[in-house]
2 protein chains.
Amino acid sequence: MAQQEMPAVTFIKPRSTGTTRDRLLTAAEVAILDKGFAATSIEELIAEVGITKGGFFYHFPDKNALVIAILERHLAAEEAWLDGLFAQAASEAGSDDPLQIFLCFLALLQAQMEALPDVHPGCLIAACCFQERLFRPEVHRLAAANLLNWRARFTGVLTGIAAVHPPRRPVEIEALADMLVVLVDGAIILSKTVRQKEALPRQIGIYATLLRSLFET
Amino acid sequence: MAQQEMPAVTFIKPRSTGTTRDRLLTAAEVAILDKGFAATSIEELIAEVGITKGGFFYHFPDKNALVIAILERHLAAEEAWLDGLFAQAASEAGSDDPLQIFLCFLALLQAQMEALPDVHPGCLIAACCFQERLFRPEVHRLAAANLLNWRARFTGVLTGIAAVHPPRRPVEIEALADMLVVLVDGAIILSKTVRQKEALPRQIGIYATLLRSLFET
DNA sequence: GATCTACTGGACTCGTGGTACAGTGACCGT
DNA sequence: ACGGTCACTGTACCACGAGTCCAGTAGATC
């Protein structure tokens with residue numbers, strides 16, 4: 001059955017950088033953020049990476065598994081990035097005051113978002129959120145774990161701040177922690193939709209202002 | 001070609017309420033919010049409404065046109081709903097102070113979100129945002145117009161407030177207006193993802209607190 | 001030399017979007 | 001009573017993408 005022509009033209013193109021699996025993940029992540037999960041076809045991914053369909057299904061049992069792998073890789077990277085930003089803020093704040101350190105963190109975050117060349121590419125978690133039934137529960141669990149992680153992180157920081165600087169008005173610390181996450185996700189939607197990349201850094205800035213208004217003496 | 005059996009069994013089932021087109025829109029809106037656009041098949045919609053594929057394409061040239069129609073209907077309804085809430089707030093505030101009226105509006109909004117039986121079904125605009133390439137530019141334009149409308153509305157209100165109550169700290173009024181929209185969209189993502197319906201009303205509440213912190217004397 | 005890994009290549013099924021078009025029952029104006 | 005329009009039905013058909021199956025194979029490892 002198999003025709004005997006061109007049997008040995010394998011591995012001509014350079015494997016470029018990273019493993020095939022990793023390059024698939026990267027190509028898929030970019031494509032999903034750009035145009036959504038459903039609009040991203042496996043055929044387009046394998047064309048970009050330079051493998052065949054069989055090769056794709058060798059790595060991932062289905063499209064869902066691909067999303068799960070992307071999310072796992074993304075969450076780890078984000079964790080490291082957040083740790084780095086916090087460490088940098090702690091060293092640059094020039095103070096031990098948790099409020100000053102957090103404000104410094106927010107300024108760093110804002111600066112990074114401002115430095116993006118284009119509107120923020122989007123939030124994987126949000127993208128998953130609106131595709132629910134396309135995914136297995138595992139995807140949902142990963143997304144939830146990520147948001148709860150942010151919540152826990154910022155709740156800890158804000159609790160520390162409130163202990164030193166009693167808030168001017170009673171606030172639920174956890175809701176205030178959620179607010180930053182919510183603001184980032186919401187601002188990504190806004191900036192993508194109205195095509196204004198300033199929207200995201202502006203929201204971070206205003207969050208800092210409101211924190212000052214609430215905690216600073 | 002056409003077989004002559006069962007020719008006249010048409011219109012047996014009651015047309016239920018509303019036009020077929022409207023019932024299609026409603027079914028599609030619910031399904032899209034529930035599981036996303038891509039996961040919503042035309043076949044499933046026509047089965048629910050009780051028409052055939054030909055009937056669907058009689059009303060809409062394609063799936064995109066369906067989304068556009070849903071968005072248009074939704075935007076009009078939302079406009080009316082916002083007008084109603086503002087009017088109710090103005091009459092219930094017991095004051096001419098724009099800040100008090102806006103705080104009353106926020107309280108009403110919060111109460112409505114609290115009263116939802118389940119997590120908020122989701123934001124059509126956000127759902128569209130993460131499906132970009134599946135849609136024609138028209139869809140994107142409608143979504144952007146909607147967000148800009150909210151922005152204009154709240155910017156007007158907040159400008160009026162700032163004129164009477166000079167803010168404690170300098171803030172960009174427009175960013176503060178965006179913040180409410182951003183908070184609502186972001187909180188919908190949060191509440192859907194971690195399955196906590198309180199997240200949305202809590203964010204509205206905290207927005208009100210922060211406004212007080214900023215504007216109240 | 002045997003085995004394992006990471007694929008290739010091709011054939012096939014199924015679901016869904018979308019096209020095309022002839023027919024038809026109910027209603028509406030004349 | 002007649003013609004036309006509206007709102008569909010019913011059927012047939014194409015394209016495309018997900019996913020399955022599997023035999024073969026180049027290169028590295030033991």
Side-chain angles (χ1 to χ4, degrees), chain A residues 1-25 27-28 31-32 35-69 131 133-136 139, chain B residues 1-25 27-28 31-32 35-69 131 133-136 139:
Chain A
M1 287 110 199
Q3 293 156 317
Q4 296 300 65
E5 324 135 357
M6 57 175 306
V9 204
T10 323
F11 296 144
I12 284 188
K13 42 184 79 177
R15 313 291 293 282
S16 102
T17 52
T19 65
T20 300
R21 192 188 137 93
D22 257 346
R23 291 188 302 135
L24 269 175
L25 287 180
I32 288 175
K35 56 195 185 190
F37 174 76
T40 300
S41 71
I42 292 176
E43 255 129 38
E44 141 198 6
L45 297 178
I46 61 180
E48 194 176 325
V49 172
I51 58 168
T52 61
K53 218 167 181 182
F56 177 91
F57 287 102
Y58 171 78
H59 287 291
F60 307 101
D62 54 28
K63 242 177 136 189
N64 266 308
L66 176 68
V67 178
I68 291 172
Q131 307 262 348
R133 296 302 156 84
L134 244 47
F135 300 130
R136 293 195 300 247
V139 175
Chain B
M1 287 113 195
Q3 294 156 315
Q4 297 301 64
E5 326 134 353
M6 54 175 312
V9 205
T10 323
F11 298 143
I12 284 189
K13 43 183 80 174
R15 313 290 294 283
S16 101
T17 53
T19 65
T20 300
R21 193 188 137 95
D22 257 347
R23 291 188 303 136
L24 267 175
L25 287 180
I32 288 176
K35 57 195 185 190
F37 175 76
T40 300
S41 70
I42 292 176
E43 254 129 40
E44 142 197 7
L45 297 178
I46 62 180
E48 194 177 327
V49 173
I51 58 168
T52 62
K53 220 169 180 183
F56 177 90
F57 287 101
Y58 171 79
H59 287 293
F60 307 102
D62 53 29
K63 239 178 139 190
N64 266 306
L66 176 68
V67 179
I68 291 173
Q131 306 263 349
R133 294 304 155 83
L134 244 48
F135 299 131
R136 294 195 300 246
V139 175

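All chains are named by letter (A, B, ...) in the order of the sequence lines, taking the proteins before the strands, and each is independently numbered beginning at 1. Every value quoted in this text rests on a predicted model; they were computed, and no experiment measured them.
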Ignoring the backbone of [X], work out which of [options] is nearest its side chain.
X	options	answer
B:Thr52	D:dA18, C:dG18, D:dT9	D:dT9
A:Phe57	C:dT8, D:dT20, C:dG18	D:dT20
A:Lys63	D:dG19, C:dG18, D:dC8	D:dG19
B:Ser41	C:dG18, D:dA18, C:dG17	C:dG17

Could you state the atom-to-atom distance from [atom1] of [X] to [atom2] of [N] in whole Å?
X	N	atom1	atom2	result
B:Leu45	C:dT16	CG	C1'	12 Å
B:Asp62	C:dT19	CG	P	7 Å
A:Leu66	D:dG19	CG	P	10 Å

Decide yes or no, distance alone: a donor-acceptor N/O pair under 3.5 angstrom between the base of C:dG18 and the side-chain of B:Lys53. yes
Within less than 4.0 Å of OP1 or OP2 of [N], is there a side-chain N or O belonging to [X]?
X	N	result
A:His59	C:dC7	yes
A:Thr20	C:dA6	no
A:Tyr58	C:dA6	yes

Quick one: closest heavy-atom pair of B:Ala69 and B:Phe60, and the distance?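 The pair with the smallest heavy-atom distance is CB-CE2, 3.9 Å.
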Pair up each side-chain donor or acceptor in residues 45-53 of chain A with any protein partner under 3.5 Å, not counting sequence neighbours, and list the distances.
{"residue": "A:Lys53", "atom": "NZ", "partner": "A:Glu43", "partner atom": "OE2", "Å": "3.2"}

Hey, are the side chains of B:Lys35 and A:Leu134 touching, using non-hydrogen atoms and a 4.5 Å cut-off? no
